[in-house]
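First comes the structure, then the notes that go with it.
Keep in mind it's a predicted model, so treat the numbers as computed, not measured.
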Amino acid sequence: MKRILIHFTALAILLLTASCSGNKVVNLEEWVTLAESTDFRKTPRYDETMEYFKRMAEFSPMVNFAKFGVSPQGRDLNVVIFDKNGYADPKDVRKKGRLVVLVQCCIHSGEPDGKDANMIFFRDMILKGENADLLDDITFVLIPIFNVDGHEDFRATNRINQNGPEELGTRNTAQLLNLNRDYLKCDTPELKAWMNLYNRWDPELFIDCHVTNGADFQYVMTYDIENHGKAISEPLHSFSVNVYEKELNERMTAADFPMFPYCEYERTYAPELGASLDVFDPRYSQSYVAYRNRLGLLLETHIYKPYKERVMATLEAIRQSAYILKDHKAELVKAINDADAFTASPSFRNEPFPLKFEIDKSEVTYVDYLGWQRDTIISDLSGGKWVKHNYDKPMTYNVPLYKTQKVTMAVKIPKAYVILPQYSYLIELLDLHALKYTVLDEAQELDVETYRYTGGRFSTRQSEGRVPVVSATYTTQDETILCPKGSIVVGMDQPNAKLAVYMFEPDAPGSLTYWGFFNVHVQSDNEYWVNPAYMEFKGREMLAENPAIKAEFDAKMKDPSFANSPDAILNYFYGICKKQSHQDNELHPVFRLMD
C-alpha cells in the first residue's frame with residue numbers, strides 16, 4: 001500500500017533547524033529522540049524516557065512532570081501534563097473549560113509505539129508550536145510508560161515476530177501480571193495508582209497504545225472503541241459511533257492511515273470468510289472507561305509493519321482524536337453529562353442490563369478489507385501447511401463483518417448491593433472505582449434477593465495469580481436477612497453503577513466471583529465432625545419431631561436400594577444435620593436490595 005508519511009524524517013529536519021519557543025531559542029538538534037536518531041531501530045529505556053520529559057518540563061512552563069505511584073520494583077510511575085497555562089491541578093483545568101485527554105503507553109512494554117509517538121508529538125507541540133491550538137481546549141495527561149518494571153526487562157528476544165525496535169520490554173509486570181486484565185479487580189499497585197490518577201482527572205477521552213499480533217493485512221493500525229454492547233449510556237453511545245468513530249476513520253484515511261476494527265476472524269488467514277466485533281468487559285482498559293461513560297480508544301498497530309510507520313500512525317490517531325474533541329467540545333460534554341445522569345436515574349434500572357453477548361450472524365455488513373494475496377504451501381521445514389502472503393500483491397476483499405451482538409444473559413439491576421462486613425476490604429475497591437456507599441451503623445433486617453451457590457468448577461491453572469471460577473451454579477431466592485452492623489450498601493443511583501454490576505453479579509464476565517474473591521462460598525468445605533453412627537439416635541429423634549422429614553424418609557424407603565443400605569439411611573440424616581449446621585456457607589456475601 002502506498003504510504004506518504006505525515007512526519008518528515010525528523011533527524012534531517014532537526015539538525016538543520018533552530019526555533020524559538022516563547023523567548024527561548026531552541027536548538028532542535030538536542031531534542032532528537034533516540035528512535036529518530038537510529039532510524040527507528042531503537043526505543044529509549046525508562047531513565048532516558050523520563051529524562052526527556054523532565055527536560056521538556058524544565059524548558060516549558062506548559063509542561064509538568066509528576067509521580068503518581070511506585071512499581072513493585074520501586075520505580076516511579078510518572079505522568080506528564082501538557083496545559084496551556086501550566087496547570088497541574090484538574091480543578092484549575094476545569095475552570096478554564098478544557099477537556100482532558102489521558103494517553104497511556106507501554107501497559108504492555110514490548111509495545112512501545114505510543115511512547116515514541118508521544119515524545120515526537122509533544123516535542124513538536126511544545127518546542128515548535130505544531131498543533132499547539134489543541135491546548136486552547138484540551139489538557140493532555142500522558143503516561144509515557146505504565147508497566148515500568150516490565151519495560152526494563154529489556155532484550156532482543158521479547159516479541160521476536162515484531163518488526164522493531166531491536167530491543168524492548170515485556171508484556172507482564174515484575175509480578176508476572178497483565179495490567180490489561182486488572183482494571184476491575186485492581187490487584188496490582190500499578191492499577192491502584194492508575195485509578196487514583198484517573199479519578200482525579202476524569203478524562204473525557206482515554207487512549208491506550210498497543211501493538212497487535214495475529215492476522216496479516218495492509219493496515220498499519222486497527223482499533224477498538226467499546227460501543228458494540230451496552231457499556232456506554234445514551235447519548236454518549238450515539239456520539240461515540242456517529243461522531244467520534246466515524247470521523248476518526250475518515251481523518252485517518254485522509255492521512256493515509258486507514259484503519260480497520262480490532263476483530264476476531266472466522267479463520268485467521270482467510271478474512272473473506274468473515275470477521276466479528278467482540279464485546280469487552282471492564283477488565284480491559286478501553287472497555288473499563290466505557291462502563292464509566294467515557295470514550296475509550298484502543299490503538300493496535302500492526303506487528304509486522306516497520307516501527308516508524310507504526311509510531312507515525314499512533315501519533316496521527318492521537319492528533320486526529322484530539323481535533324475531533326476540539327471540534328465537538330460542547331456536544332461531547334453534554335453527551336457525557338446526560339449519560340451520567342441517565343445511569344444514575346431510576347430509568348436505567350427499568351430494563352435488564354446485559355452482561356453476556358454472542359455474535360448475531362443473521363445481521364451482516366459487507367465491507368472492503370485491505371489484505372494481501374496469499375498462497376498455502378507445504379512447508380519443507382515442518383511438513384505442515386504454511387500460509388505465505390505476497391506483499392507485492394495487495395488485495396481488496398469484500399468481507400462479511402458481524403457487528404450486531406445478541407444478549408445471552410442479562411440481570412435486573414437492584415436498588416443497591418449489600419456487602420457483608422467481613423468483606424470490608426472491598427471498600428478499597430469501591431473507592432478505587434469511585435463508587436459511593438454507606439455503612440450500616442447498626443444491624444438491620446432487610447428483604448433482599450440472594451444467591452446461594454450449589455457448586456462450582458475451578459480452573460485447573462492459575463490466571464493472573466488467582467484461581468478463577470470457570471463456572472458457578474446457584475439458586476436465586478427472596479429472603480429476609482439480618483445484615484450486621486458494618487454491612488456496606490452500594491446504591492445503584494450513581495454514574496459508575498455498571499461497574500458494581502460487573503463486580504457483584506456471579507455470572508458477569510470478569511466478576512469478583514470469577515476472579516476467586518468468594519471461592520470459600522462457591523465451594524464451601526462444610527466440615528462437620530459427627531460420627532455417622534450417632535444418627536442411630538438422632539435419626540429417630542428427627543423422625544419423631546419433624547413430620548416433613550418423616551414423610552420424605554418414608555417416601556425414600558420405598559426405594560429398595562435406599563431401604564437396604566444402612567449407610568444410605570444414616571447418611572440421609574447426617575446430610576440434613578450438616579446442611580442445617582452450615583446453612584449460610586454457600587451464601588454469596590453480596591445481596592441484592594430490590595426496589
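- Tyr307 and Gln162 form no side-chain donor-acceptor contact under 3.5 Å, judged by distance and modelled atom types alone.
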**Request:** Would you check, one step at a time, whether the test ring pair (Phe, Tyr, Trp, His ring centres under 6.0 Å) holds for His389 with Tyr304?
**Result:** CA-CA 12 Å; His389 293 83; Tyr304 301 138; 8.2 Å; no

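- Heavy-atom contacts from other residues, nucleotides or ligands closer than 6.0 Å to CZ of Arg267 number 12 or fewer.
- Between His302 and Gln218, the side chains place no donor N or O within less than 3.5 Å of an acceptor N or O (distance only, hydrogens not considered).
- Gln286 and Asp208 are not linked by any side-chain donor-acceptor pair at a separation below 3.5 angstrom, with hydrogens and angles left out of the test.
- For Ser321 and Tyr244, the side-chain atoms include at least one donor-acceptor pair closer than 3.5 Å.
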**Item:** side chain to side chain contact (heavy atoms under 4.5 Å, CB included) between Leu102 and Ile207, intermediate numbers included
**Value:** CA-CA 6 Å; Leu102 172 60; Ile207 301 176; over 6 Å; no

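- The cationic group of Lys192 does not satisfy the cation-pi geometry with Trp194, failing either the under 6.0 Å distance to the six-membered ring centre or the 45° limit from the ring axis.
- In Glu351, the CD atom is not crowded: 12 or fewer heavy atoms of neighbouring residues, nucleotides or ligands sit closer than 6.0 Å.
- Under the 3.5 Å distance criterion, the side-chain polar atoms of Glu204 are matched with a main-chain donor or acceptor of Val100.
- Side chain of Lys326 to backbone of Asp133: a donor-acceptor contact under 3.5 angstrom is found.
- Of the N and O atoms on the side chains of Glu363 and Thr404, at least one donor lies less than 3.5 Å from an acceptor on the other residue.
- The cationic group of Arg45 lies under 6.0 Å from the six-membered ring centre of Phe154 and within 45° of the ring axis, placing it in a cation-pi geometry.
- Taking CD of Glu316 as the start and CE of Met259 as the end, the distance is 10.5 Å to the nearest 0.5 Å.
- Scanning all heavy atoms of the two residues, the minimum distance from Leu184 to His433 falls at O-NE2, 2.7 Å.
- Taking the ring centre of Tyr514 as origin, the terminal cationic atom of Arg283 falls inside the region bounded by 6.0 Å and 45° from the ring axis.
- Interatomic distance, Thr173 OG1 to Ile107 CD1, rounded to the nearest 0.5 Å: 10.5 Å.
- Ion pairing of Asp216 with Arg374 is absent here, as no side-chain N (NZ or NE/NH1/NH2) approaches a carboxylate O to less than 4.0 Å.
- Using a cutoff of 4.0 Å between basic side-chain nitrogens and carboxylate oxygens, Arg251 and Glu247 are scored as salt-bridged.
- Across all their heavy atoms, Asn293 and Leu236 have their closest contact at O-CD2, 3.1 Å.
- Taking both residues in full, the closest heavy atoms of Pro144 and Cys106 are given as O-SG, 4.0 Å, listed atom of the first, atom of the second, then distance.
- Checking Asp182 against Thr188 by side-chain atom types alone, a donor-acceptor pair falls below 3.5 Å.
- A side-chain N or O of Asn178 and one of His108 form a donor-acceptor pair less than 3.5 Å apart.
- One side chain, Asp149 or Ser71, offers a donor N or O that lies under 3.5 Å from an acceptor on the other.
- Using a 4.0 Å cut-off between charged nitrogen and carboxylate oxygen, Arg466 and Asp187 count as a salt-bridge pair.
- Counting heavy atoms of neighbouring residues, nucleotides and ligands inside a 6.0 Å radius, atom NZ of Lys230 does not exceed 12 of them.
- Within a 6.0 Å radius of NZ in Lys334, other residues, nucleotides and ligands contribute 12 heavy atoms or fewer.
- Glu464 and Arg181 are not joined by a salt bridge, as no carboxylate oxygen comes within less than 4.0 angstrom of a charged side-chain nitrogen.
- Checked by atom type, the side-chain pair Tyr183/Tyr284 shows no donor-acceptor distance below 3.5 Å.
- Side-chain contact, Ser362 with Asp360: a donor N or O sits under 3.5 Å from an acceptor N or O.
- Look at Asp113 and Lys115 and you find no salt bridge, because none of the NZ, NE, NH1 or NH2 atoms lies under 4.0 Å from a carboxylate O.
- In summary, Arg159 and Glu111 engage in a salt bridge, as defined by a charged side-chain N under 4.0 Å from a carboxylate O.
- Taking each heavy atom of Thr43 and Pro112 in turn, the nearest pair found is OG1-CB, 3.9 Å.
- Under the 3.5 Å distance criterion, with hydrogens and angles disregarded, a donor-acceptor pair is assigned to the side chains of Thr33 and Glu36.
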**Request:** Check the pair Asn249 / Tyr223 against side chain to side chain contact (heavy atoms under 4.5 Å, CB included), numbers first and verdict last.
**Result:** CA-CA 10 Å; Asn249 274 285; Tyr223 73 97; 3.0 Å; yes

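- Taking all atoms of both residues into account, the shortest heavy-atom contact from Pro258 to Leu370 is CG-CD1, 4.2 Å.
- The CG atom of Leu429 sits 8.5 Å away from the CG atom of Leu435 when rounded to the nearest 0.5 Å.
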**Asp116 vs Arg310, salt bridge (charged side-chain N to carboxylate O under 4.0 Å, His left out): CA-CA, chis, key distance, verdict** = CA-CA 10 Å; Asp116 285 308; Arg310 294 178 1 230; over 6 Å; no

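- Salt-bridge formation is detected for the pair Glu358/Lys406: a Lys NZ or Arg NE/NH1/NH2 atom is positioned less than 4.0 Å from an Asp or Glu carboxylate oxygen.
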**Prompt:** Should Asp153 and Arg171 be marked as a salt bridge (charged side-chain N to carboxylate O under 4.0 Å, His left out) after you check the CA-CA gap, both sets of side-chain angles, and the distance that decides it?
**Reply:** CA-CA 10 Å; Asp153 189 0; Arg171 181 179 181 85; over 6 Å; no

**Request:** Show your working on salt bridge (charged side-chain N to carboxylate O under 4.0 Å, His left out) between Glu190 and Arg75 and close with a plain yes or no.
**Result:** CA-CA 11 Å; Glu190 292 96 333; Arg75 293 183 178 88; over 6 Å; no

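- In this structure, a donor-acceptor pair under 3.5 Å is present between the side chains of Arg292 and Tyr288.
- Side-chain contact of Thr343 with Ser233: a donor-acceptor pair under 3.5 Å is present, judged by distance alone.
- Under the 3.5 Å distance criterion, the side-chain polar atoms of Asn398 are left unmatched by any main-chain donor or acceptor of Tyr366.
- Here the CD atom belonging to Glu167 is positioned 9.0 Å from the OG1 atom belonging to Thr157, to the nearest 0.5 angstrom.
- Ring pair Tyr265/Phe217 is tilted by interplanar angle, where 30° to 60° counts as tilted.
- Closest approach of Pro400 to Val364, counting heavy atoms only: CB-CG2, 3.5 Å.
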